Amino acid sequence: MAWIRIVDLEHADGLLARIYRAAIARAGKIFNVLRIQSVQPRVLQASLDLYRELMFGPGPLSRAQREMIAVAVSRTNNCVY
């Protein structure tokens, strides 16, 4: 079994604490895809910024089309996310 070190909410401070609070406000919890990047909060923030730009930024694709592409890629990669 693989083991990945994470920072729990109780030990988060600064940028990571802000990211965690925003996640809880948005989704009611902190998803594991965020937790596994918690050791490097600046990298996590960059990942979130990239996600937001890809899914909500300007472009010819609708939000539904972007989601369909994400689902197709995840399915092709046997990924549950």
Side-chain angles (χ1 to χ4, degrees):
M1 162 95 36
W3 179 78
I4 299 172
R5 186 168 64 95
I6 64 167
V7 178
D8 289 320
L9 176 60
E10 300 79 38
H11 297 104
D13 61 2
L15 176 59
L16 182 60
R18 290 191 299 276
I19 292 170
Y20 276 1
R21 284 193 302 269
I24 292 168
R26 181 178 58 254
K29 66 183 210 172
I30 304 165
F31 286 99
N32 286 334
V33 71
L34 299 181
R35 290 180 192 275
I36 63 171
Q37 299 177 78
S38 64
V39 175
Q40 301 224 10
R42 288 178 42 224
V43 173
L44 171 55
Q45 183 64 61
S47 176
L48 290 168
D49 292 343
L50 176 61
Y51 170 79
R52 284 188 198 102
E53 186 64 26
L54 290 171
M55 298 308 284
F56 301 103
L61 299 177
S62 70
R63 174 64 200 265
Q65 289 169 317
R66 294 169 196 227
E67 287 289 346
M68 285 188 288
I69 291 168
V71 169
V73 170
S74 292
R75 179 72 175 141
T76 298
N77 291 326
N78 294 318
C79 177
V80 298
Y81 284 100

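Predicted, not measured: the structure shown is a model, and the values here were computed from it. We count residues from 1, following the sequence as given.
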*Only counting residues at least two apart or in another chain, list the ones meeting side-chain contact (heavy atoms from CB on, under 4.5 Å) with D49.*
Q45, R52

*So do the side chains of L44 and L15 get within less than 4.5 Å of each other, counting heavy atoms only?*
no

_Would the distance check show the side chain of R5 and the main-chain N or O of V39 forming a donor-acceptor pair, the cut-off being under 3.5 Å?_
no

*To the nearest 0.5 Å, how far apart are CG in L9 and CD1 in I19?*
12.5 Å

Donor-acceptor pairs under 3.5 Å, side chain of residues 53-69 to any protein atom, not counting sequence neighbours: which ones?
from: S62; atom 1: OG; to: A64; atom 2: N; distance (Å): 3.4
from: S62; atom 1: OG; to: Q65; atom 2: N; distance (Å): 3.1
from: S62; atom 1: OG; to: Q65; atom 2: OE1; distance (Å): 3.4
from: R63; atom 1: NE; to: E67; atom 2: OE2; distance (Å): 3.1
from: R63; atom 1: NH2; to: E67; atom 2: OE2; distance (Å): 2.3
from: Q65; atom 1: OE1; to: S62; atom 2: N; distance (Å): 2.7
from: R66; atom 1: NE; to: L61; atom 2: O; distance (Å): 3.1
from: R66; atom 1: NH1; to: L54; atom 2: O; distance (Å): 2.6
from: R66; atom 1: NH1; to: G57; atom 2: O; distance (Å): 3.1
from: R66; atom 1: NH2; to: G57; atom 2: O; distance (Å): 2.9
from: R66; atom 1: NH2; to: L61; atom 2: O; distance (Å): 3.2

*Quick check: does any side chain N or O of S47 sit under 3.5 Å from a backbone N or O of V43, one acting as donor and the other as acceptor?*
no

_Rounded at 0.5 Å granularity, tell me how far NE2 in H11 sits from OH in Y20._
11.5 Å

_So which atom in P41 and which in L16 form the shortest heavy-atom distance, rounded to 0.1 Å?_
CG-CB, 3.8 Å

*Rounded to the nearest 0.5 Å, what's the gap from CD1 on I30 to CD1 on I24? Could you check?*
4.0 Å

*Okay, side chain of S38, backbone of R35: is any donor-acceptor separation there less than 3.5 Å?*
yes

